[in-house]
Amino acid sequence: MHNLKKKVENHYTNNNLLDAIELALKEQGKDLNNLKIEDLNAVDEMHSRGVYATNELIKILDANKNMHILDIGSGMGGPARRLAHQSGCHVTGIDLTASLTNIAQKLSKYTGLDKKVRHIQGDATNMNIFENDSFDGAWSIHAAMNIENKSAYYKEANRVLKPNSKFIIYDIFLNNKEANIKYPMPWAKTSATSFLINKSEVEKYLKNSGFKIIDIVNKTKETIDNFKKIQANKKKTLLLAEIKMGNDAKTKIANLQNNLTNGNLAVNLIVAKKM
Ligand SMILES: C[S@@+](CC[C@H](N)C(=O)[O-])C[C@H]1O[C@@H](n2cnc3c(N)ncnc32)[C@H](O)[C@@H]1O
């Protein structure tokens, strides 16, 4: 188990990533000490449909300035910053990968959001740094597919939330047999660090952990359409994808796109509430 988490962390660790982001921003004439969150739109959202999806989630979460929201598997912190910026709430992001957590802290400082958003390195399946009933809401965006111990993941999310608060999951789900999926994918080089499950299994985990499901929306079509749209802007898009995902970014994106198009995978947005 420990070894598996190390492998997941290694997948997301790129010690040149911050330098590459800073260089790309400087080349666009941006002042690093005075960045707007929009300046990071193309780099700090590590999930399908990026900013479009995050904006949808922000609306659904409907947080306000008195709330403290948890982002589970928060990556470089793009969704957490956008949420804090738009809703005025405080956000804590927790992520397994130390280097992404460091980048998240830097980018929050650059955008002046470090007073509202904090980033902690930690494991979603054991968040004992947080007390029971700590947060007014939570989301988890494209992270569960790297997490083997689903039961602990959902139970921990439930434990740290206050009763009646929302938990939003925006993730990639299995529609078909794992054996049909072609890797590498953006989140895993091989199936060894990919733990995809189907919608009914997720529903079961949520219910067994003390959540009530409010809504499930299939976002697969929007995701496929978005891939087509960004491909119209090919050169720029590929460069940014390579900064984030490495030089096999093109293959990873093509594999995801094909698996969504042929129905092996789906993108779902689930809104649940802690009972
Ligand atoms: C595809 S990225 C998504 C990042 C972020 N949610 C976003 O959308 O920009 C998946 C993230 O999940 C994190 N992750 C994987 N397993 C985790 C675990 N057990 N606990 C916390 N974070 C984890 C990875 O480190 C990575 O940053």
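For ligands, and for the atoms within them, numbers begin at 1 and follow the listed sequence.
Atoms of ligand 1 lying under 4.0 Å from at least one heavy atom of Glu45, given by number and element, are 9 (O). Using a 4.0 Å cut-off to heavy atoms of Asn146, the atoms of ligand 1 that qualify are 15 (C), 16 (N). Near His142, the atoms of ligand 1 lying under 4.0 angstrom from a non-hydrogen atom of the residue are 1 (C), 2 (S), 3 (C), 10 (C). For ligand 1, the atoms sitting less than 4.0 Å from at least one non-hydrogen atom of Gly75 are 4 (C), 5 (C), 27 (O), numbered in the order shown with element in parentheses. For ligand 1, the atoms sitting less than 4.0 Å from at least one non-hydrogen atom of Ser74 are 5 (C), numbered in the order shown with element in parentheses.
Of all protein heavy atoms, the one lying nearest to atom 8 (O) of ligand 1 is His47 ND1, 2.6 Å. With hydrogens left out, the protein atom closest to atom 19 (N) of ligand 1 is Asp123 OD1, 2.9 Å, a heavy atom. From the protein, the heavy atom lying nearest to atom 12 (O) of ligand 1 is Ala143 CB, 3.6 Å. Ranking protein heavy atoms by distance to atom 20 (N) of ligand 1, first place goes to Ala124 N, 2.8 Å. For atom 9 (O) of ligand 1, the nearest protein heavy atom (residue, atom name, distance) is Met46 N, 2.8 Å. Taking atom 23 (C) of ligand 1 as the reference point, the nearest protein heavy-atom neighbour is Leu96 CB, 3.5 Å.
Side-chain contact of His142 with Ser48: a donor-acceptor pair under 3.5 Å is present, judged by distance alone. One side chain, Gln86 or Asn55, offers a donor N or O that lies under 3.5 Å from an acceptor on the other. In the model, Tyr12 has a side-chain atom that pairs as donor or acceptor with a side-chain atom of Asn146 under 3.5 Å. In this structure, a donor-acceptor pair under 3.5 Å is absent between the side chains of Thr193 and His11.
Heavy atoms of Gly78 come nearer than 4.0 angstrom to ligand 1 in no pair at all. Taking a 4.0 Å cut-off on heavy atoms, Gly122 registers as neighbouring ligand 1. The closest approach between Tyr12 and ligand 1 falls below 4.0 Å for a heavy atom of the residue.
Remark: Asn247 CG is loosely packed, at most 12 non-hydrogen atoms of other residues, nucleotides or ligands lying under 6.0 Å away. More than 12 heavy atoms of other residues, nucleotides or ligands sit less than 6.0 Å from atom NZ of Lys150.
Ion pairing between a basic and an acidic side chain is recognised when a charged N comes within 4.0 Å of a carboxylate O; Lys6 and Glu9 show such pairing. A salt bridge links Lys219 and Glu56; the closest N-O separation between the charged side-chain nitrogens and carboxylate oxygens is under 4.0 Å.
Among all heavy-atom pairs drawn from Pro184 and Asn255, the shortest one is O-ND2, 2.9 Å.
Considering backbone and side-chain atoms together, Ile141 places an N or O closer than 3.5 Å to an N or O of ligand 1. Considering both main-chain and side-chain atoms, Gly73 comes within under 3.5 Å of ligand 1 through a nitrogen or oxygen pair. Residue Thr97 has at least one nitrogen or oxygen atom sitting less than 3.5 Å from a nitrogen or oxygen atom of ligand 1, judged on distance alone.
Contacts between Leu100 and ligand 1 below 4.0 angstrom, taking non-hydrogen atoms only, involve the side chain exclusively. For Ser140, no heavy-atom contact with ligand 1 is shorter than 4.0 Å.
Contact annotation: the side chain of Asp71 approaches that of Trp139 to within less than 4.5 Å [non-hydrogen atoms, C-beta and beyond]. Within the 4.5 Å cutoff, the side chain of Asn258 has no heavy atoms near those of the Lys182 side chain.
For atom 27 (O) of ligand 1, the choice among Asp95, Thr101, Asp44 with the nearest heavy atom turns out to be Asp95.
Residues Met76 and Trp187 fall within the same hydrophobic cluster, defined by Ile, Leu, Val, Met, Phe, Trp and Tyr side chains chained together at heavy-atom separations under 4.5 Å.
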